[in-house]
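Please read the structure below before turning to the comments.
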Amino acid sequence: MKRSTVLLLYPGLLLILVLLILPILQMFLPTFTGDQFFLEKYFNFFRSSGNMQVIARTLIIAVVTTLITLSLGLPTAYWISRLGDRWKKVVSIIVLFPILTNAVVRNFAWITILGKNGVINNFLMQVHIIDKPMTLLYTNFSIVVGSVYLFLPIMITSLVSSFGQLNFEVEEAASVIGARPMIVFFKVILPQLSVGMLTGSILVFVGSLTAYTTPQLLGGNKNMVLATLLQQQSITLGDWTSASVVAVVLTVIAVLVMTIMNYGTKLLDRRNAK
Amino acid sequence: MANIEISDLSMSYQKGKQILDGLSLDIKDGELLSILGPSGCGKTTMLRLISGLIPIQKGTIKVSGKDISKVPVYKRNFGMVFQSYALFPHMTIFQNITFGLKRRKLDKKEIEQKALDILDITGLSNLKDRMPSELSGGQQQRVSLARALAINPSVLLLDEPLSNLDAKLRIEMREEIHRLQQKLKMTTIFVTHDQEECFAISDRVALMNQGQIEQLDTPQNIYKNPRTEFVARFIGYENFISKEWAESKQWQYHKDIEGKLLTIRPENIEIGSGENMLSGKVISKNFLGNYYQYLVETEIGVLKVNTTEDQSSTNAEITLNFPEQSLIELEDK
């Protein structure tokens with residue numbers, strides 16, 4: 001690269017340094033300083049059973065959301081990939097449509113559906129399946145429902161592109177030499193989709209790990225996850241150091257999971273490319 | 001081993017387009033039969049109906065006397081080779097070949113032995129641990145053939161297996177298919193649009209047009225005695241002469257079937273005199289490597305004449321001779 005071209009990179013790099021790297025350092029450093037042992041704040045954080053519960057809830061919700069979007073996304077993506085070119089475009093746009101609406105609006109819609117006087121409870125009471133409303137809202141269940149709704153389009157989109165690379169004749173070749181449809185799916189189609197499935201899973205997992213609006217609006221104050229705990233520590237309690245500890249824990253988990261999954265993708269990729 | 005009887009096979013798509021139209025065909029045990037035809041003639045559809053990849057709408061297919069219409073594709077025990085090779089990209093060559101064997105109730109030792117045998121006769125032993133993407137097109141198609149043969153199929157189906165290969169590999173691979181087919185005496189159906197590759201290895205050729213078989217015969221007979229204008233045109237007859245006109249000139253020709261049209265190959269017309277003569281003027285001359293091609297304007301239109309020697313030049317007035325044995329009468333269609 002020419003020197004003058006390198007010069008063009010400086011404004012962008014400077015922006016990243018000032019607005020991203022420095023604030024992150026500013027967030028990280030106070031959690032390690034002070035009179036006590038440098039990890040003391042973290043020991044305190046992990047010693048609290050309430051905090052451990054929040055971490056567990058966050059991870060469980062992220063895992064369950066990923067698994068549900070994966071199992072709902074696979075058949076949908078398969079169907080979309082087999083559509084004709086024009087319909088494929090139309091359906092893909094419809095799938096992405098929920099992403100275009102504001103997250104707050106979307107979650108309010110779920111509140112009116114899942115609430116005590118919501119659509120589901122009203123209906124079930126009217127047909128006399130239940131006599132008093134069930135608690136659906138402000139539970140782990142409602143957070144998962146909202147997250148699945150939020151992340152399903154992302155999962156479907158990454159799976160569709162993966163399905164698109166499949167060669168029809170490969171499946172036919174498998175069935176001619178004796179593979180039943182189930183075998184064709186599990187031994188021929190699914191392994192070829194592994195990269196797309198992993199990519200989609202990383203996006204959904206990390207997305208729901210760090211999501212704030214959905215757990216805040218659908219989970220309420222009792223069902224806290226790391227992101228809502230962080231908000232509480234900083235904005236509500238004004239304890240910025242504790243908030244930073246939460247932020248660091250969240251960041252480390254996210255980076256760790258992404259690294260592991262990326263490594264998995266690379267392994268599979270190499271197997272496919274070999 | 002098996003023979004195949006196809007009777008009255010018809011197939012049409014929703015929009016009313018008839019793909020196969022009451023087609024009947026018998027394939028003998030151990031025979032290599034080619035289905036030759038232009039794209040869209042229904043040849044691939046027919047192969048897919050036989051394989052079971054698409055369900056039969058009308059008609060029956062019997063293999064060794066048994067109707068297979070209701071047998072699902074994975075139970076038919078056929079081998080198939082596709083134009084796109086269709087190897088399993090996530091499996092090694094060895095795994096590709098054992099895939100079909102593993103679907104059968106065989107013990108591990110047997111599977112391994114059969115796979116090694118087939119790798120040996122197809123000359124792929126040294127590639128068994130590679131992935132398909134590491135192989136050349138020719139090698140991939142060889143693996144595809146080995147994978148189809150590994151299950152010891154009763155019928156081998158080949159769907160334009162040579163179309164994606166370059167000219168030299170195509171000849172090599174065609175010889176390989178022929179060699180293996182002869183060795184294993186396997187009933188084989190070979191779908192192609194290339195007459196040279198089909199003539200080279202087939203016992204018989206079914207030439208298809210618009211969902212029907214125009215002519216079913218040995219390669220030699222199709223080449224020498226095409227029955228219809230379509231067949232004649234497809235295999236390189238380019239000059240067509242009205243029979244009525246020829247009779248008025250008392251020409252002699254090869255009589256076999258009854259029709260209104262006669263045909264002759266460009267290389268069979270001679271420049272000079274003989275039994276059936278016609279004069280004309282050379283309007284163009286082209287050198288095409290192993291022959292010269294003349295376009296000669298005559299009273300019955302422009303004719304194509306190919307000669308191995310340079311025998312005339314543009315604007316020359318010449319006399320053409322049409323040897324009796326090469327002038328063939330065609331059936332009306």
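- Across all their heavy atoms, A:Pro191 and B:His90 have their closest contact at CB-CD2, 3.3 Å.
- Residues passing the salt bridge (charged side-chain N to carboxylate O under 4.0 Å, His left out) test with B:Glu175, sequence neighbours excluded: none.
- In terms of heavy-atom pairs under 4.5 Å with chain A, the best-connected choice from B:Ser84, B:Ser51, B:Gly100, B:Ala148 is B:Ser84.
- Residue A:Met261 places its CE atom among more than 12 non-hydrogen atoms of other residues, nucleotides or ligands, all under 6.0 Å distant.
- Under the 4.5 Å side-chain criterion, counting only non-hydrogen atoms from C-beta, A:Lys187 is in contact with B:Phe99.
- Within the 4.5 Å cutoff, the side chain of A:Val176 has no heavy atoms near those of the B:Tyr74 side chain.
- At a heavy-atom cut-off of under 4.5 Å, chain B is reached by A:Ala179, A:Arg180, A:Pro181, A:Ile183 from residues 179-186 of chain A, listed in order of number.
- If you measure heavy-atom distances from B:Arg147 to chain A, the contacts under 4.5 Å come from both the backbone and the side chain.
- If you take OG on A:Ser175 and NZ on B:Lys75, they are separated by 13.5 Å, rounding to the nearest 0.5 Å.
- More than 12 heavy atoms of other residues, nucleotides or ligands sit less than 6.0 Å from atom CZ of A:Phe28.
- Annotation for B:Pro89 and A:Val170: closest pair CD-CG1, 4.3 Å, computed over non-hydrogen atoms.
- Shown here for B:Ala86 and A:Asn167, the closest heavy-atom pair between the two residues is CA-ND2, 4.3 Å.
- Atom-to-atom distance recorded for B:Arg76:CZ and A:Ile177:CD1 is 16.0 Å, nearest 0.5 angstrom.
- A distance of 11.0 Å separates CD of A:Glu169 from CG of B:Leu87, quoted to the nearest 0.5 Å.
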